[in-house]
Amino acid sequence: VNMSAVEADRTAFKKLSIKRFPKEGLRRTPEAQYWRKFKFPVLINENATPTCIDFSPVAPHDFAVTGGVRIQIYDSHSLKPKRVLSRFKGPAYSGRFRSDGRILVAGGEEGIVQVFDIQTRAVLRQITSHRGPVHTTSFSRDNTTIISGGDDCTLRLHDLPTGAQVGQLTGHSDYVRAAAESPSTTSLIATASYDHTVCLWDRSMPAGGVADGAAAGPASRPMMTLQHGAPVEALVFLPGGALIATAGGNTVKIWDVLGTSTLLHEFSTHQKTITSMCVEGSQSRLITGGLDGFLKVHSLADYRVTHAMKYPGPVASLALSPANEHLVVGMSLPMLSIRRRDRAEEDDLGALTRTLGPGEDIRRDPALSMRPLPAEEGEDGTGRYFARKKNVVTDQDDFLVEAHRRKRLQPYEALLKRFQYRAALDAALATRNPLVVVSLVAELLQRGGLIIALSARNDEQLEPLVQFMLRHICNPRYAPLLIDMADQLLDLYSGVLGQSVVIDELFVSLRQQVATELGLQEQLHGMVGMLDALLEGASRNAPATASTPLPLP
């Protein structure tokens with residue numbers, strides 16, 4: 001054995017060991033893993049807030065983004081606009097595809113409903129019956145009727161081939177912002193308005209508008225009115241058509257619309273107004289987005305949040321592709337976020353569900369992997385080429401040449417190696433990583449160099465140090481080390497307090513924060529004492545039950 005090499009390894013500088021703590025609230029559930037597959041978000045700056053996103057029902061499921069005075073049709077593969085519809089004099093609203101994906105309908109600020117041919121971008125129809133901006137448009141399930149609603153407080157039905165109005169639903173007292181047709185029948189339509197109500201209309205009955213084939217006229221009254229209690233921004237029929245979800249304010253309410261219009265459930269998982277909702281492709285999750293910048297996934301079984309995503313700005317619109325491959329979110333920054341799910345990764349995970357036999361390799365089984373593998377030696381430039389012969393077992397007589405790689409040190413580690421403790425602490429603070437700072441403080445305490453690192457500082461050098469303690473001293477993970485550091489800081493600088501206004505204010509804030517934390521700890525200890533007394537009393541009053549004691553291990 002080469003003793004000099006062993007001695008050199010013992011005396012070599014050891015890199016700083018970063019402290020590790022148990023991770024908080026990390027749940028590796030199958031649900032979370034599924035939604036984390038929507039990765040590599042593409043952020044696109046827009047000229048105006050994307051107010052509506054709609055996917056084509058036909059593969060490859062391109063999507064239309066309505067924002068400003070145009071509607072952009074994005075390619076689902078390249079994620080770039082391939083067509084732009086700009087026949088609008090003012091802001092466009094609610095660009096939505098027909099079920100065959102060939103034409104698109106949209107409203108606008110000027111009160112005109114327009115129908116476009118996707119391929120030629122030609123205007124096929126222009127409907128001018130509305131007396132105000134049109135904010136919601138769609139096609140009926142039979143693809144022959146245009147449904148539109150807006151600021152004139154009405155929902156109007158127009159025949160697509162002729163453009164004639166075949167129905168007018170009048171019952172709201174404020175702007176109509178959303179409308180949806182029941183998935184179970186084409187005669188049931190729901191409308192949402194800023195008058196805090198959701199109205200359900202039966203097109204086949206005179207009380208719900210006009211009968212099929214009759215002359216256009218105002219409706220006498222809706223068949224059902226639901227009081228949401230806040231201006232309703234969005235609504236969606238749940239699978240089956242028996243339930244409907246309405247979103248107004250920060251609350252989502254679930255209603256039974258085929259029975260007695262009963263409120264079945266409500267939940268408020270957002271802090272600000274919910275702006276958009278949709279049901280994902282498997283019909284088992286309800287997705288909501290709000291002005292708090294969160295997108296939340298709810299299970300339709302119990303309406304609990306199963307996953308949440310944070311976006312850099314308020315969410316104005318969202319849509320999920322029918323195959324759950326693309327998640328597109330519009331923000332009021334204005335910005336568009338596009339996330340794509342890796343289907344190949346899902347296929348590989350699905351292949352792993354089959355049990356492998358002895359010595360069987362998933363990479364060599366064509367039934368488990370559809371991707372061809374390079375040759376055994378690998379092709380030039382591939383990972384296998386550079387990793388060839390890596391696992392070769394040497395013979396007993398082979399001479400092995402060891403390569404000593406030079407350790408790459410972080411800036412604070414290089415300064416620590418040169419015993420420049422003050423500069424090393426400043427470099428650790430510059431990383432803005434509390435784990436690095438706390439780990440370095442622990443190392444300095446072990447070396448006896450914390451006093452050197454804290455002393456001889458002016459107000460500019462002392463300010464980031466006190467700010468760090470102010471942010472993290474109440475964290476139970478860092479508190480023991482930071483309390484020791486705060487004690488040494490007070491011993492060093494208590495005699496010069498009053499010479500810097502900034503430092504004085506930071507120390508006063510630190511004192512107040514510590515006092516608040518101490519008061520909270522005292523209250524918690526009092527609560528623990530009361531709970532212990534209650535549990536002790538409950539155990540004494542509980543009836544004695546005969547039970548066989550468990551054998552000691």
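Nothing here was measured: the structure is a model prediction, and the numbers come from that model. Along the sequence shown, residues are numbered consecutively beginning with 1.
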Passes side-chain hydrogen bond (donor to acceptor under 3.5 Å, both in side chains), Gln168 versus Thr170? Steps please.
CA-CA 6 Å; Gln168 178 177 326; Thr170 305; 3.3 Å; yes
Drop me the distance from Lys80's NZ to Ile44's CD1, to the nearest 0.5 angstrom.
9.5 Å
Any side-chain heavy-atom pair of Glu46 and Arg70 under 4.5 Å
yes
Considering residues at least two apart in sequence or located in another chain, which fulfil the side chain to side chain donor-acceptor pair (under 3.5 Å) criterion with Glu517?
Gln521
Walk me through whether Leu79 and Arg340 qualify under side-chain contact (heavy atoms from CB on, under 4.5 Å).
CA-CA 10 Å; Leu79 305 183; Arg340 179 157 46 188; 3.9 Å; yes
Measuring from atom CZ of Arg177 to atom NE2 of His135, what distance do you get when rounded to the nearest 0.5 angstrom?
3.5 Å
Distance under 6.0 Å and angle within 45° of the ring axis: does Arg96 meet both against Phe116?
no
Between Gln512 and Thr516, is there a side-chain donor-acceptor contact under 3.5 Å, judged purely by atom types and distance?
no
Does the side chain of Thr225 come under 3.5 Å of the side chain of Gln227 through a donor N or O and an acceptor N or O?
no
Check the pair Leu160 / Val115 against side-chain contact (heavy atoms from CB on, under 4.5 Å), numbers first and verdict last.
CA-CA 9 Å; Leu160 178 59; Val115 180; 4.2 Å; yes
Distance-only, no hydrogens or angles: does the Thr262 side chain make a donor-acceptor pair with backbone N or O of Leu264 under 3.5 Å?
no
Under a 3.5 Å cutoff, is there a donor and acceptor pairing between the side chains of Trp255 and Ser261?
no
Not counting sequence neighbours, which residues clear side chain to side chain donor-acceptor pair (under 3.5 Å) with His228? List them please.
Thr246
Beyond-backbone contact of Val257 with Leu226, side-chain heavy atoms, under 4.5 angstrom:
yes
Heavy-atom check, side chain of Cys474 versus side chain of Gln513, under 4.5 Å:
yes
Please determine whether the number of non-hydrogen atoms from other residues, nucleotides or ligands lying under 6.0 Å from atom CZ of Arg102 exceeds 12.
no
Stepwise, does the side-chain hydrogen bond (donor to acceptor under 3.5 Å, both in side chains) test hold for Thr251 with Ser268?
CA-CA 4 Å; Thr251 304; Ser268 301; 2.9 Å; yes
Between the side chains of Asp426 and Tyr412, is a donor N or O closer than 3.5 angstrom to an acceptor N or O?
no
Can you confirm whether Val198 sits close enough to Leu235 that some side-chain heavy atom of one is under 4.5 Å from a side-chain heavy atom of the other?
yes
Student check: side-chain heavy atoms of His270 and Lys296 closer than 4.5 Å:
yes
Kindly give the heavy-atom pair with the smallest separation between Ala106 and Gly95, and that separation in Å.
CB-CA, 3.9 Å
Please work out which of the three classes, parallel, tilted or perpendicular, describes the rings of His326 and Phe55, given edges at 30° and 60°.
tilted
What is the minimum heavy-atom distance between Leu318 and Cys278, and which atoms define it?
CD1-SG, 3.3 Å
Could you check Thr49 against Thr51 for side-chain hydrogen bond (donor to acceptor under 3.5 Å, both in side chains), going step by step and ending with a plain yes or no?
CA-CA 6 Å; Thr49 300; Thr51 57; over 6 Å; no
Distance in Å, Asp256 CG paired with Leu243 CG, rounded so as to fall on 0.5 Å steps
6.0 Å
Where do Ile103 and Asp100 come nearest, in terms of heavy atoms and distance?
N-OD1, 4.2 Å
Side chains of Asp195 and His172: any donor to acceptor distance under 3.5 Å?
yes
Less than 4.5 Å apart, side chain to side chain, heavy atoms only: is that true for Ile244 and Val236?
no
Can you tell me if Thr154 uses its side chain to pair, donor with acceptor, with the backbone of Leu169 under 3.5 Å?
no
What's the shortest heavy-atom distance between Arg432 and Pro434, and which atoms?
O-CD, 3.6 Å
Can a salt bridge be assigned to the pair Glu31 and Arg285 using a cut-off of 4.0 Å between side-chain N and carboxylate O?
yes
Please determine, by modelled atom types, if Ser94 and Thr137 share a side-chain donor-acceptor pair under 3.5 angstrom.
yes
Dump the intermediate steps for side-chain hydrogen bond (donor to acceptor under 3.5 Å, both in side chains) on Glu280 and Ser282, then the final yes or no.
CA-CA 6 Å; Glu280 53 87 30; Ser282 67; 2.3 Å; yes
Regarding Ser317 and Ser276, do their side chains bring together a donor and an acceptor under 3.5 Å, going by distance alone?
no
Over 60° means perpendicular and under 30° means parallel, so tell me whether Phe267 and His265 are parallel, tilted or perpendicular.
tilted
Minimum heavy-atom distance Pro183-Arg141, with the two atoms named:
O-CZ, 3.6 Å
Any side-chain to backbone donor/acceptor pair from Arg131 onto Ser129? Under 3.5 Å, distance only.
yes
Under 4.0 Å between a Lys/Arg side-chain N and an Asp/Glu carboxylate O for Asp62 and Lys82?
yes
Using modelled atom types only, decide if a donor and an acceptor are shared between the side chain of Arg83 and the backbone of Ile118 within a distance under 3.5 Å.
yes
For Tyr478, check ring-ring contact (aromatic ring centres under 6.0 Å, His included) against everything at least two apart and list the hits.
Phe21, His472
Evaluate Val65 against Ile71 for side-chain contact (heavy atoms from CB on, under 4.5 Å), listing each step before the verdict.
CA-CA 6 Å; Val65 178; Ile71 299 176; over 6 Å; no
Taking side chain as C-beta onward, heavy atoms only, is Ile147 less than 4.5 Å from Leu155?
yes
With distance as the sole test, does Asn45 use its side chain to make a donor-acceptor pair with the main-chain N or O of Met335 at under 3.5 Å?
no
Would you please say whether a donor-acceptor pair under 3.5 Å links the side chains of Thr145 and His158?
no
Gap between atom CG of Leu16 and atom OG of Ser439 - 0.5 Å precision
5.5 Å
Please answer whether the main-chain N or O of Pro60 pairs with a side-chain N or O of Ser76 as donor and acceptor at a distance below 3.5 Å.
yes
First locate atom CG of Leu327, then atom NZ of Lys39, and finally report the distance between them rounded to the nearest 0.5 Å.
15.0 Å
Let me confirm one number: the CZ-CZ distance from Arg339 to Arg36, rounded to the nearest 0.5 Å.
11.0 Å
Could you tell me which non-hydrogen atom of Ala428 sits nearest to which non-hydrogen atom of Leu440, and how far apart they are?
CB-CD2, 3.5 Å
Could you check whether any side-chain N or O of Ser332 sits under 3.5 Å from a backbone N or O of Ala316, counting only pairs where one atom can act as donor and the other as acceptor?
no
Keeping the roles fixed (side chain from Ser299, backbone from Arg304), state whether a donor-acceptor pair exists under 3.5 Å.
no
Check: Val279 and Leu238 side chains under 4.5 Å, non-hydrogen atoms
yes
Given 3.5 Å as the limit, does a donor-acceptor pair link the side chain of Arg341 with the main chain of Glu325, or not?
no
Main chain of Phe97, side chain of Asp54: is a donor-acceptor contact present, judged purely on distance under 3.5 Å?
yes
Aromatic ring proximity, centroids under 6.0 angstrom, Tyr303 and His298
no
